[in-house]
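Working notes, structure below.
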Amino acid sequence: MPMEKTFNAAEAEPRLYAAWEREGAFVAGANASRPETFTIMIPPPNVTGSLHMGHAFNNTLQDILVRWHRMRGFDTLWQPGQDHAGIATQMVVERELAKSQQPGRRDMGREAFLGKVWEWKSQSGNRIIEQLKRLGASCDWSRNAFTMSGAPGAPAGEDGNFHDAVIKVFVELYAKGLIYRGKRLVNWDPHFETAISDLEVENLEVDGHMWHFKYPLAGGETYEYVEKDADGNVTLRETRDYISIATTRPETMLGDGAVAVHTSDERYASIVGKLCEIPVGPKEHRRLIPIITDEYPDPTFGSGAVKITGAHDFNDYGVASRNGIPMYRLMDTKAAMRADGAPYAEAAARAQEIANGAAFDGAEVDTLNLVPDEMRGLDRMEARKLVVEQITAEGLAVTHAVTRTDKETGETVTETVALVESKKIMQPFGDRSKVVIEPMLTDQWFVDTQKIVGPALDAVRQGMAAQEAGTFDPAAGYTRILPERDAKTYFHWLENIEPWCISRQLWWGHQIPVWYGLDLGDAAFRDDEGDGALDEVELGRLLNAGGMLHRGEVMACAADLESVTERFRDSIADIPAPLSHARIVEVADKPAAITALAASLAEYNVSQDPTALVFPVWRDPDVLDTWFSSGLWPIGTLGWPEPTPELRKYFPTDVLVTGFDIIFFWVARMMMMQLAVVDQVPFHTVYVHALVRDEKGKKMSKSLGNVLDPLDLIDDYGADAVRFTLTAMAAMGRDLKLSKDRIAGYRNFTTKIWNATRFAEMNGVFAAARPEGIPQPAHTVNRWIIGETARVRETVDEALTAYRFNDAANALYAFVWGKVCDWYVEFAKPLFDGPEADETRATMAWVLDQCYLLCHPVMPFITEELWAMTGTREKSLVHADWPTYGTAALLDPAADREMNWVISLIEQVRSARAEMGVPVGLKLPMVLVEATPEARAAWSTNEPLILRLARIDSLTEAAMPKGSITIACEGATFALPLEGVIDVAAEKARLTKAVEKLDKDLNGLRNRLGNPKFVANAAPEVIDETREKLAQGDEEAARIRAALARLADIG
RNA sequence: GGGCGCGUAGCUCAGCGGUAGAGCACUACGUUGACAUCGUAGUGGUCACAGGUUCGAUCCCUGUCGCGCCCACCA
């Protein structure tokens, strides 16, 4: 059956992929012929994800490495899987519920909601896997992993043990003191109502305003305010009864705890330590706050005085913490002004006691609500408006004079207005929710990253040092980052690392394995009478303690409730005997716990049976940051904490291929966590690739509408073309601008290799069985192409070893198209008619096989198809043996030189013909004017090829005929007699141009060789090379000059 | 404000001490034993600018000018 004219990717690709899967071709260990392993962990796409260009790029590169190693016989594992993506997934499922008019998350409750998420996952969560298959990704799907597998509530089929790994790590790090809980200022997403990490915040510049307000000094006190210029000259001196404060967020004034000025600021030295009044809120309850000093305020900015709102600003939080300034939370979880707690008057009175020196109880962050009654429940923007109006109305806004021209009268008017500067401010937004993020003082869990960052830094420092020294060893236990520049990003972030907030107020995720109980340890529980029963007083005291337990909660961090029971036994050892026999029972929350305890104590009093006592605990409702679990991807996917054979075999993994955008999120955290947990680096090399942009260099985004969907491209051009394009453009560390033209070009390349095969097939190249081994033909052409093949094999191996994917792709392209198709196939045509037909067929069959083999990692589909079509094969191309022949053994320098001469001669003839306007169809006679014996030999060996490709009908030896074109090449001068056809002047111009160009080059070479310093200092091989070039060039120039001279005779 | 990078043919980019390459685009020609998703030939570059190091610089160093990206707490 004759081959089609082009490869039908749409038909063939799914068929070929299915065949690979049927054979189990991607299963780790399949067909491995050597003991070494090669492992890549896929960066797990989100379950909610669908394949975008970034994935296509990332996975193409991984697949190339994987397929290359697999063919080389490594026991190869490409571990696939998906990330549960806490926020993103919860968001998607909630949206689905809303769309289908189902009850919302909170209405259906946690368990039911999680059921919905799992349901969604099983229905829609596999889309990206199918898409990766279309790309040709050769992952071991039998091992597909999920970061939530094995979690409570997971349905059948999701029973891996990733959850166990995550929980175990949390418990261990907690035990080591590397995870702690604390009330800290965190980034709060008011839409999702959860904390997020620094990395999930994008800071964007927006239009904002800066207001300037007067905070009056307490009791109407005054001071002399003096401003000086840089030279110390007084520029302003006035008596003031206020301190001027600037703010972009007036609503936060309600939570101010102090005003700070710089330690060295002389302007305010006289009022430091005094009190000033926050100019907002009910007049009769204005709060007074102290004026303090700190290093933070910048005396050159604004008035130099800063209001300190510890609960709503990261800088202020630092100042407040350092100086013991109370922090008052003003907003609720939706970032509306708080509506809970006692009325404002009461709260303000308490705040004033604190300002006057009463101790601030940390719990008061949550219990004191300093939002004035009329602002409670308002959106923060509404509250801001009210605050500004109120202050302005009272005349406490700083004013300035503005002159303007009255439109009607045309007069110039000067008026005094409140000073409101319009300015660009940086505002934080949630990267998922896109809403404004609020700094919020809440209880969260943190990883003490400073304590575990050391090994992660050391490992890469060593890896980079080795890389630079050229002594990099994959087995040495360190990690290098390529390109080197990205290591700087890694270092910079890790060296300045902040504690990592890992708790999220979400439901979809790994629930934090921590249980709280009532703190019954100290005075709260006391059996005053010692009668073993609790009377009402004793009970009341206990419950009262329970109700107040903000701080004294007893915690147990353990994998499950059973382990919790054991921990509690320890922690309640000093509790009176009856209670220590209590059973531990999990309840939903704290109020329920108090009720349960009361009931069980009553029961105990009646029964006096210690086993009637119930000790209630409740689990932390928060879940872990998704990146906490994906940070364990390398060991978690291999079965850790179980000592599985896979873990032993495939860990540490080899290479991580990832985008630079998740160096912080993921790479750094994997390094830290794997080192902290199993004390090994997770991979020896991190290959960081750039971003795929549109053809104009813009980031692809839905809102810009410039997104290229890889699946559309695969439909249009085939997966191989898309892969080859991405590979050819993968210059290390540089963003790539993708255009359809480029892909079409590489699609043409697939067609080219297809048609070279088609040609071979039509000429009986595959008719005979392939002999074993590498052919050993006699003809120069065949010997030459074998050498070229050996060269490209070496180039591809070197390029892939160095992760220079584009070099590999370009070398293949240049070889297949530029050498095999352009020359070898053309040379073969006449050879098929001659005595070398057999050896040429054998050589061509071998060469094409090498093309399939070498191209397969980049273009797996078409090569597999051609492999199958062109012979009876022992195994599929996926598992065929990667060529290992050396270049030197297959290179024939004489054949090389000869073919270069032939090619150059043909090119010169073609060029001359085209320039002289000789019709392509016209065959010309050629005259050999003079030649060295080598040139004569080269001619005679290759005569049929030259005649054919240069379109010459015969060669005769004669003196230079009149009116002919000169072809000067190494060792020979030829002529194309074109009397009457050629224009002597044109030929003269052609030759003159050629000789001038040559002369220019030759002069350069001569000058260099004439420079004694060059001869003295340059490398000997460079000098030799230069001399050789000069000699060759001189010879050629001489021939052209001779031709010119002859032309002159004619002319 | 810090950090990182980039300015090479009309476009997109390789190259990074020995005198400049690819693809696309463009021009002319073309029914050549596979391929028009093709072939042949060609046009096109003070390698941003200015200094320095060197026998020699697109490549290394310094500065300038343009352009990106990342990080950052100026109220």
Side-chain angles (χ1 to χ4, degrees), chain A residues 3 5-7 198 203 210 245-249 252 260 296-298 300-309 313-319 425-426 439 485-486 488-489 492-493 496 660-661 663-664 690-691 695-697 699 717 721 725 728-729 731 733-739 741-742 744-763 804 806-807 810 813-814 818 821-822 825-826 828-830 832-833 907 910-915 917-921 948-949 951 1001 1004-1005 1007-1008 1011-1019 1021-1023 1025-1026 1029:
Chain A
M3 283 173 73
K5 280 180 103 171
T6 56
F7 174 57
D198 301 347
N203 291 300
M210 189 155 77
I245 304 289
T247 180
T248 53
R249 307 201 49 195
T252 65
Y296 162 65
D298 174 0
T300 65
F301 184 83
S303 69
V306 189
K307 67 192 213 51
I308 301 301
T309 320
D313 181 283
F314 285 98
N315 292 313
D316 295 6
Y317 178 77
V319 177
I425 53 172
M426 293 299 278
R485 136 161 55 95
D486 284 291
K488 290 181 187 166
T489 316
H492 184 258
W493 190 68
N496 298 290
F660 68 85
D661 50 334
I663 292 180
F664 306 141
L691 221 60
E695 52 196 314
K696 295 191 190 86
K699 208 166 165 171
Y717 302 100
T725 308
M729 297 178 86
R734 184 140 166 167
D735 285 352
L736 51 97
K737 294 179 192 161
L738 192 65
S739 72
D741 284 349
R742 195 75 187 247
Y746 289 115
R747 186 269 326 271
N748 297 352
F749 177 63
T750 64
T751 306
K752 194 73 183 172
I753 193 171
W754 178 269
N755 274 292
T757 303
R758 184 161 173 260
F759 166 81
E761 203 267 330
M762 290 165 80
N763 284 280
R804 301 179 64 94
N806 56 322
D807 285 354
N810 291 331
Y813 186 97
C821 295
D822 286 350
V825 166
E826 296 303 323
K829 288 174 183 173
F832 283 153
D833 298 332
E907 282 177 339
R910 283 171 172 174
S911 175
R913 290 175 58 121
E915 235 169 295
V918 178
V920 181
R948 180 189 177 88
L949 296 188
R951 304 199 64 75
D1001 292 349
L1005 296 175
N1007 285 344
R1008 249 198 289 167
N1011 183 342
K1013 284 184 183 168
F1014 173 72
V1015 182
N1017 294 325
E1021 60 270 22
V1022 172
I1023 299 175
E1025 209 179 290
T1026 311
K1029 261 193 227 162

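Heavy-atom basis, side chains included; hydrogens, waters and symmetry copies ignored. Chain letters run A, B, ... following the sequence lines, proteins first, then strands; residues in each count from 1. Quick caveat, the model's predicted, so the values are computed rather than measured.
Within 4.0 Å of N1011(A), counting heavy atoms only, lie sugar-phosphate atoms of the nucleic acid but no base atom. Among the heavy atoms of the strands, none lies under 4.0 Å from F314(A). If you check every strand for non-hydrogen atoms under 4.0 Å, R1008(A) touches a base. At a threshold of 4.0 angstrom between heavy atoms, the contacts of E1021(A) with the nucleic acid are absent. Within the nucleic acid shown, P1012(A) has no heavy atom closer than 4.0 Å to any nucleic acid atom. Within the nucleic acid shown, G304(A) comes within 4.0 Å of at least one base atom, counting heavy atoms only. Note on P439(A): nothing from the nucleic acid sits closer than 4.0 angstrom, heavy atoms only. Within 4.0 Å of K488(A), counting heavy atoms only, lie sugar-phosphate atoms of the nucleic acid but no base atom. Residue K5(A) is in sugar-phosphate contact alone, with no base atom involved, counting any heavy-atom pair closer than 4.0 Å across all strands shown.
The phosphate of A34(B) has neither OP1 nor OP2 within less than 4.0 Å of any side-chain N or O from N755(A). Taking only side-chain nitrogens and oxygens, R804(A) comes nearer than 4.0 Å to OP1 or OP2 of G15(B).
No side-chain donor from either of K5(A) and T751(A) sits under 3.5 Å from a side-chain acceptor of the other. Residues D298(A) and T300(A) bring a donor and an acceptor atom of their side chains to less than 3.5 Å of each other. Counted by atom type alone, T750(A) and K752(A) present zero donor-acceptor pairs between their side chains at under 3.5 Å.
Separating the OH atom of Y746(A) from the P atom of C24(B) is a distance of 9 Å, rounded to the nearest angstrom. Rounded to a whole Å, the CZ atom of R485(A) is 11 Å from the C1' atom of C70(B). Rounded to whole angstrom, the span from the CG atom of D316(A) across to the P atom of C74(B) amounts to 13 Å.
Taking the C1' atoms as reference points, U58(B) lies 4 Å from C47(B), given to the whole Å. Distance noted for atom P between G1(B) and C26(B): 46 Å (whole Å). For the C1' atom pair drawn from G21(B) and G45(B), the interatomic distance equals 11 Å after rounding to whole Å. With C1' as the reference atom, C24(B) and G44(B) are 14 Å apart, rounded to whole Å. Here, A14(B) and G7(B) have their C1' atoms 15 Å apart, quoted to the whole Å. Taking atom C1' in both C49(B) and C38(B), the straight-line distance is 44 Å, to the nearest Å. Comparing the P positions of G63(B) and G3(B) gives a spacing of 12 Å, expressed to the nearest Å. A20(B) and A25(B) have their P atoms separated by 26 Å, given to the nearest Å.
The nucleotide C73(B) finds no pairing partner, because no Watson-Crick or G-U wobble arrangement with both distances shorter than 3.5 Å includes it. If you check G33(B) for Watson-Crick or wobble pairing at under 3.5 angstrom, you find it has no partner at all. Across all strands shown, nothing is found opposite U58(B) as a Watson-Crick or G-U wobble partner with both distances under 3.5 Å. In this structure, G23(B) and C11(B) make a Watson-Crick or G-U wobble pair, each of the two defining distances being under 3.5 angstrom. Across every strand in view, G17(B) sits unpaired, with no contact that passes the Watson-Crick or G-U test at under 3.5 angstrom. When Watson-Crick and G-U wobble pairs are counted only if both distances are under 3.5 Å, A28(B) pairs with U40(B). Applying the Watson-Crick and G-U wobble criteria (two distances, each under 3.5 Å), C49(B) pairs with G63(B).
Set against A34(B), A72(B), C55(B), the side chain of K1013(A) has C55(B) as its closest nucleotide. Checked against C35(B), G23(B), A75(B), the side chain of R758(A) finds its nearest nucleotide in C35(B). Of the candidates A72(B), A34(B), G5(B), A72(B) carries the atom nearest the N203(A) side chain, counting heavy atoms from C-beta on. Among A75(B), U12(B), G33(B), the nucleotide with an atom closest to any side-chain atom of Y296(A) is A75(B). Closest to the side chain of A246(A), out of A34(B), A75(B), A14(B), is A75(B). Side-chain proximity of K1029(A) to the nucleotides U19(B), A34(B), A75(B) is greatest for U19(B). Taking the side chain of D807(A) as heavy atoms from C-beta on, and the options A75(B), A14(B), G33(B), the nearest nucleotide is A14(B). Of the candidate nucleotides G33(B), A34(B), A72(B), G33(B) has the atom lying nearest to any side-chain atom of D833(A).
A distance of 5.0 Å separates CZ of F759(A) from CZ of F832(A), quoted to the nearest 0.5 Å. For the atom pair CG (N1017(A)) and CG (N1011(A)), the distance works out to 8.5 Å, reported to the nearest 0.5 Å.
Where V1015(A) and A1018(A) meet RNA chain B, the nucleotide closest to each residue was compared, and A1018(A) sits on the side nearer the 5' end.
The base of G56(B) is not paired with the side chain of N1007(A) by any donor and acceptor separated by under 3.5 Å.
Ring centroids of Y717(A) and Y746(A) are separated by 6.0 Å or more, keeping the two rings apart.
Distance alone, capped at 3.5 Å, places no donor-acceptor pair between the N806(A) side chain and the A728(A) backbone. Panel note: side chain R948(A), backbone P830(A); no donor-acceptor pair is recorded below 3.5 Å. Proximity of a side-chain donor or acceptor of S911(A) to a complementary backbone N or O of E907(A) within less than 3.5 Å is not detected.
In this view, R910(A) satisfies the salt bridge (Lys or Arg N to Asp or Glu O under 4.0 Å) rule with no residue, not counting sequence neighbours.
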Could I get a table of every N or O pair under 3.5 Å where one atom is in the protein and the other is in nucleotides 37-41 of chain B?
{"residue": "U37(B)", "atom": "O4'", "partner": "N748(A)", "partner atom": "OD1", "Å": "3.1"}
{"residue": "U37(B)", "atom": "O2", "partner": "R747(A)", "partner atom": "NE", "Å": "2.8"}
{"residue": "U37(B)", "atom": "O2", "partner": "N748(A)", "partner atom": "OD1", "Å": "3.4"}
{"residue": "U37(B)", "atom": "O2", "partner": "T751(A)", "partner atom": "OG1", "Å": "2.5"}
{"residue": "C38(B)", "atom": "OP1", "partner": "N748(A)", "partner atom": "ND2", "Å": "2.6"}
{"residue": "C38(B)", "atom": "O3'", "partner": "K752(A)", "partner atom": "NZ", "Å": "3.1"}
{"residue": "G39(B)", "atom": "OP1", "partner": "K752(A)", "partner atom": "NZ", "Å": "3.1"}
{"residue": "G39(B)", "atom": "OP1", "partner": "W817(A)", "partner atom": "NE1", "Å": "2.5"}
{"residue": "A41(B)", "atom": "O3'", "partner": "S911(A)", "partner atom": "OG", "Å": "3.4"}

